[in-house]
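To keep things clear, I will list the structure first and then write my remarks on it.
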Amino acid sequence: MTTWLEALVRVRRERRAAVLVTVLAVRGHAPREAGTKMVVADDGTWGTVGGGNLEASAVERSRALLAAGGAIPERFTVGLSEHAPYGHGRQCCGGEVEVLLEPQPVAPAVAVFGVGHVGLELARVLARQDLDLHLVDSREEAVAPARLAVLDDAVAHVEVHHAPLPELALATLPPGTHVLVLTHDHAEDHALVDAALRTPHLGSLGVIGSSAKWARFRHHLLEAGHSPAALDAVTSPIGLPDLPGKDPATIAVGVAAELLRRLSSAPTHAGPVLGDDAAR
């Protein structure tokens, strides 16, 4: 039997939203003690907080939260007496139970294409966040296990992709993935941007480099058939323009700060704003 903790790990891995239900407090007699937990998804439950009207109410409210995209925890109280209101059958244990519902949203997904000097520093910062982090590079040595050992204590779920043609990895990314392009090769950057614009399930798109580089890219991408509106949604340069310094760690901090600001707001297709590509 799957425990609530195993279920929570599972839905996180499967990128499914869920609600963690906890018996917060018990007054009098109740079917389960305080601290009991269960997990509710739109198509399943794991664990139990006591069955009957109590559990059915928790499941119903949890699924309403999921349907509404709620992110703020909620509390509610269920009376367990013959006089208490009920919607799913009467429970006459004689007590009262306070229940906490904690939404567990799908973690953001970020893909960093190019794990060079800036890319690795960026990965080190993003790895401390609760997200799915995809690291993609055409160079095998750039994603060698020894080089990425600095990410061994990551909070993020990190997936590493060695892709000789990195644009082919775009189709494998989860829906809504925020894509940052900062490879060692401008031609590779261009191919990735072109392919990303043709991959409709992705989220925002940002490209490292100067304004002059993006002007050249934009000209060629317009010739390739992309609309001005689609190109307006791409952010380049990316980073914090007022952050002094062009060393990889400084650029990475600027990229990460702007990306995290984006992730905390409603998702859009505009990429984060990041700096210069001088120190890759």
Side-chain angles (χ1 to χ4, degrees), residues 12-17 69 105-116 118-119 122-123 125-127 129-138 142-143 156-209 213-214 217-218 220-239 252 254-275 277:
R12 169 67 172 79
R13 184 177 63 247
E14 295 175 351
R15 298 187 56 76
R16 299 165 59 200
V106 176
V110 177
V112 176
F113 283 82
V115 195
V118 173
L122 179 58
V125 177
L126 295 180
Q129 304 296 318
D130 181 21
L131 49 80
D132 288 347
L133 178 60
H134 297 260
L135 304 177
V136 189
D137 205 294
S138 60
V143 290
H157 173 68
V158 181
E159 291 193 26
V160 179
H161 310 255
H162 170 229
L165 293 174
E167 59 270 26
L168 297 182
L170 290 164
T172 70
L173 298 174
T177 298
H178 299 268
V179 174
L180 294 170
V181 177
L182 50 157
T183 81
H184 66 292
D185 184 344
H186 283 201
E188 195 169 290
D189 286 353
H190 187 282
L192 278 164
V193 175
D194 181 40
L197 290 169
R198 302 177 193 276
T199 309
H201 75 275
L202 299 175
S204 67
L205 175 58
V207 187
I208 200 168
K213 172 186 171 181
W214 177 244
F217 275 28
R218 183 181 177 92
H220 293 306
L221 291 164
L222 286 169
E223 288 184 335
H226 296 288
S227 70
L231 296 176
D232 288 344
V234 180
T235 298
S236 185
I238 49 175
V255 176
E258 186 61 23
L259 176 63
L260 294 175
R261 183 183 298 147
R262 179 177 301 281
L263 295 181
S264 69
S265 63
T268 70
H269 285 279
V273 183
L274 219 281
D277 64 351

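When reading the values below, keep in mind they use all heavy atoms of this one structure, side chains included, and skip hydrogens, waters and symmetry mates.
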Quick one: are [X] and [Y] in side-chain contact, heavy atoms under 4.5 Å?
| X | Y | result |
| --- | --- | --- |
| Leu197 | Leu231 | yes |
| Pro228 | Leu222 | yes |
| Trp214 | Val234 | yes |
| Arg12 | Asp130 | yes |

Can you name the residues that form a ring-ring contact (aromatic ring centres under 6.0 Å, His included) with His190, not counting sequence neighbours?
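Per chain and number, His190 pairs via ring-ring contact (aromatic ring centres under 6.0 Å, His included) with Phe217.
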In chain order, what residues pass the ring-ring contact (aromatic ring centres under 6.0 Å, His included) check against His161, with sequence neighbours excluded?
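His161 satisfies ring-ring contact (aromatic ring centres under 6.0 Å, His included) with His134 once adjacent residues are dropped.
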List the steps and the verdict of side-chain hydrogen bond (donor to acceptor under 3.5 Å, both in side chains) for Asp137 and His184.
CA-CA 9 Å; Asp137 205 294; His184 66 292; 4.7 Å; no
Is the backbone N or O of [Y] less than 3.5 Å from a side-chain atom of [X], with the two atoms forming a donor-acceptor pair by type?
| X | Y | value |
| --- | --- | --- |
| Ser227 | Ala230 | yes |
| Lys213 | Ile208 | yes |
| Ser138 | Pro164 | no |

Could you pull out the closest heavy-atom pair between [X] and [Y], with the gap in Å?
| X | Y | answer |
| --- | --- | --- |
| Ala224 | Arg198 | O-NH2, 3.4 Å |
| Leu170 | Leu192 | CD1-O, 3.8 Å |
| Val181 | Val179 | CG2-CG1, 4.0 Å |
| Val136 | Ala169 | CG1-CB, 4.1 Å |
| Ala171 | His201 | O-CE1, 3.9 Å |

When rounded to the nearest 0.5 angstrom, what distance separates NE2 in His178 from CG in Leu133?
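These two atoms lie 12.5 Å from each other.
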If you round to the nearest 0.5 Å, how far is OG of Ser236 from CG of Leu205?
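Spacing of CG (Leu205) from OG (Ser236) equals 9.0 Å.
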Test of understanding: with side chain to side chain donor-acceptor pair (under 3.5 Å), list the residues that count as partners of [X], not counting sequence neighbours.
| X | value |
| --- | --- |
| Thr177 | none |
| His157 | Glu159 |
| Glu223 | His219 |

Report the C-alpha distance between Asp194 and His226 in whole Å, list the side-chain angles of each, state the deciding distance to 0.1 Å, and finish with yes or no for side chain to side chain contact (heavy atoms under 4.5 Å, CB included).
CA-CA 8 Å; Asp194 181 40; His226 296 288; 2.5 Å; yes
Taking side chain to side chain contact (heavy atoms under 4.5 Å, CB included) as the definition, give me every residue that meets it alongside Arg15, ordered by chain and number, with sequence neighbours left out.
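Residues passing side chain to side chain contact (heavy atoms under 4.5 Å, CB included) with Arg15: Val106, Ala109, Asp132, Pro174.
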Applying the side-chain contact (heavy atoms from CB on, under 4.5 Å) test to Leu122, which of Val112, Val115, Leu259 qualifies?
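The option that passes is Val112.
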Yes or no on side chain to side chain contact (heavy atoms under 4.5 Å, CB included) for Leu165 and Glu188, after CA distance, side-chain angles and deciding distance?
CA-CA 9 Å; Leu165 293 174; Glu188 195 169 290; over 6 Å; no
